[in-house]
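Since the structure comes first, as structure tokens, the remarks are kept for the end.
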Amino acid sequence: MAVSARVCTASGQEMRITEGSQLVFGRGPEVDLAVAAGRGLSRRAGIVTAMAAGAWITNISRTHALYVEGEGYRIRLPRLEDGGEPAGGWLLHSGTALVGSRAMLDEGFPLEVTVTGQRAADGTADDAQPDGEGTILPLYLDPMTKLFLVALLWCRPWLLDPSATTPLPRTPEIARGALEVTGAYHELERFETDAEFRDLLAARVAEHIKVLRRKISERGLAGQDVRLSDEVAVRILIEHGVITSTDLSRLADPVWRSRQEDLWWTEA
């Protein structure tokens, strides 16, 4: 039974999202769930993503604060970074949390986000303390991005081999893996015989690897004097739960693979 999340407004409107999917909420019309709130909430305020570990809640506003509240805590989520990505967020493993602007919480009209499915049903308790393990993630990668696929293929050997003795793939191998995962078999022969094409795809992967290293450094996941070799970077991504063994199942998920195909070969 996969993890899912239920998001309810104070007026009783309810939406459910399944693992691997996300919901955008805010005051504006261009969201999945419109919230009747004052100007303390942005038109595009936040995202709730259902993932294997629970519900990941992020603030996507550059101008307004967003809060998550539960028993004994109220967390202020960081605003959107200049690069257009959430700087962090709250991972709700199980149970229910209240989400909204300060006024929404103070006046009793928040969103309710509830984790359902296996995580909530297996008796696992989430004490949801701000310093609790796995509650505030320093780095999150959206599964519906090319960057996530590159990170997953980069980490795959050590997810399959916890002893970390299997060599990690280099950029051409990751590029070939992306062709296989996205079903671009008609390009595989060209990849093997056309050096220019192979170098082009490898360079695209190298740019994603560079972004991953930058994110690791910006989040302070490695010491200032630590060289982010492939081995160090992959170990950090795995140990901090950015990429997990559960994510390997995506490689056999036709819906996720189709989305990746669109990202890699259809969109500019």
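- Taking the charged nitrogens against the carboxylate oxygens, Glu14 and Arg16 do have a contact shorter than 4.0 Å, which makes a salt bridge.
- Remark: the Thr182 side chain and the Trp265 side chain contain an N/O donor-acceptor pair separated by less than 3.5 Å.
- Separating the CG atom in Leu179 from the CD atom in Glu192 is a distance of 9.0 Å, to the nearest 0.5 Å.
- A chain of hydrophobic side-chain contacts below 4.5 Å, direct or via other Ile, Leu, Val, Met, Phe, Trp or Tyr residues, connects Leu263 to Ile243.
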With side-chain contact (heavy atoms from CB on, under 4.5 Å) as the test, would you mind laying out the steps for Val232 and Val226 before giving the verdict?
CA-CA 9 Å; Val232 170; Val226 174; 3.9 Å; yes
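- A salt bridge does not link Glu112 with Arg6: every distance from a Lys NZ or Arg NE/NH1/NH2 to an Asp or Glu carboxylate oxygen is 4.0 Å or more.
- His64 NE2 to Arg44 CZ: the interatomic distance, rounded to the nearest 0.5 Å, is 14.5 Å.
- Remark: Glu196 CD is loosely packed, at most 12 non-hydrogen atoms of other residues, nucleotides or ligands lying under 6.0 Å away.
- We find the CZ-CG distance between Arg74 and Leu105 to be 4.5 Å, quoted to the nearest 0.5 Å.
- Nearest heavy-atom pair, Ile238 versus Trp158, reported as atom, atom and distance to 0.1 Å: CD1-CB, 3.8 Å.
- What you find for Leu111 and Val35 is that their closest heavy atoms are CD2-CG2, 3.9 Å.
- For the atom pair Glu19 CD and Ser249 OG, the distance stands at 7.0 Å (nearest 0.5 Å).
- A salt bridge does not link Arg102 to Asp106: none of the charged nitrogens lies less than 4.0 Å from a carboxylate oxygen.
- Val48 has its side chain out of reach of Trp56: every pair of non-hydrogen atoms, C-beta onward, lies at least 4.5 Å apart.
- Put simply, the side chain of Glu180 never gets that close to the backbone of Leu188: no donor and acceptor are under 3.5 Å apart.
- Contact check on Arg250 versus Asp253 returns no salt bridge, with no Lys/Arg side-chain nitrogen under 4.0 Å from an Asp/Glu carboxylate oxygen.
- For Gln13, the side-chain hydrogen bond (donor to acceptor under 3.5 Å, both in side chains) criterion is met by no residue, not counting sequence neighbours.
- Here the straight-line distance linking atom CG of Leu77 with atom CD1 of Ile60 works out to 11.5 Å at 0.5 Å rounding.
- Between Met104 and Val99, the shortest heavy-atom contact is CE-O, 4.0 Å.
- Both Val211 and Val234 are part of a single hydrophobic cluster, where members link through side-chain heavy atoms under 4.5 Å apart.
- Tyr67 is not connected to Ile75 by any chain of hydrophobic side-chain contacts under 4.5 Å among Ile, Leu, Val, Met, Phe, Trp and Tyr, and they are in different clusters.
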Go through the steps to decide whether His93 and Leu91 satisfy the test side-chain contact (heavy atoms from CB on, under 4.5 Å), and finish with yes or no.
CA-CA 6 Å; His93 292 291; Leu91 179 58; 3.7 Å; yes
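- Val113 approaches Ala55 most closely through the heavy-atom pair CG1-CB, 4.1 Å.
- Under the salt bridge (charged side-chain N to carboxylate O under 4.0 Å, His left out) criterion, the residue pairs touching residues 157-173 are Arg170-Asp230, Arg170-Glu231, with sequence neighbours excluded.
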side-chain contact (heavy atoms from CB on, under 4.5 Å) between Ser42 and Thr63, intermediate numbers included
CA-CA 8 Å; Ser42 288; Thr63 57; 3.7 Å; yes
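- When all heavy atoms of Ser101 and Leu41 are compared, the closest pair comes out as N-CD1, 4.2 Å.
- A heavy-atom distance below 4.5 Å is not found between the side chains of Leu23 and Ile47.
- The closest side-chain heavy-atom distance from Pro157 to Pro169 is below 4.5 Å.
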Check the pair Leu149 / Trp256 against side-chain contact (heavy atoms from CB on, under 4.5 Å), numbers first and verdict last.
CA-CA 10 Å; Leu149 175 56; Trp256 182 79; 3.6 Å; yes
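- Side-chain heavy atoms closer than 4.5 Å link hydrophobic residues (I, L, V, M, F, W, Y) into clusters, and following such links, possibly through other members, connects Tyr185 to Trp264.
- Taking CZ of Arg213 as the reference point, atom CG of Leu237 lies at 10.0 Å (rounded to 0.5 Å).
- Residues Ile174 and His208 form no side-chain contact, since every pair of their non-hydrogen atoms from C-beta on lies 4.5 Å or further apart.
- Counting heavy atoms from C-beta on, the side chains of Leu159 and Leu152 come closer than 4.5 Å.
- Panel note: side chain Arg257, backbone Leu251; a donor-acceptor pair is recorded below 3.5 Å.
- Side-chain atoms of Ser4 and Thr18 include no donor-acceptor pair closer than 3.5 Å.
- Leu66 is not listed as a side-chain neighbour of Thr58, based on a closest heavy-atom distance of 4.5 Å or more.
- Salt bridge Arg190/Glu187: present, at least one basic N to carboxylate O contact under 4.0 Å.
- Put simply, Leu228 and Leu147 are part of the same group of oily side chains (I, L, V, M, F, W, Y) that touch within less than 4.5 Å, one to the next.
- For the pair Val115 and Leu92, the tightest heavy-atom approach, listed with the atom from each and the gap, is CG2-O, 3.2 Å.
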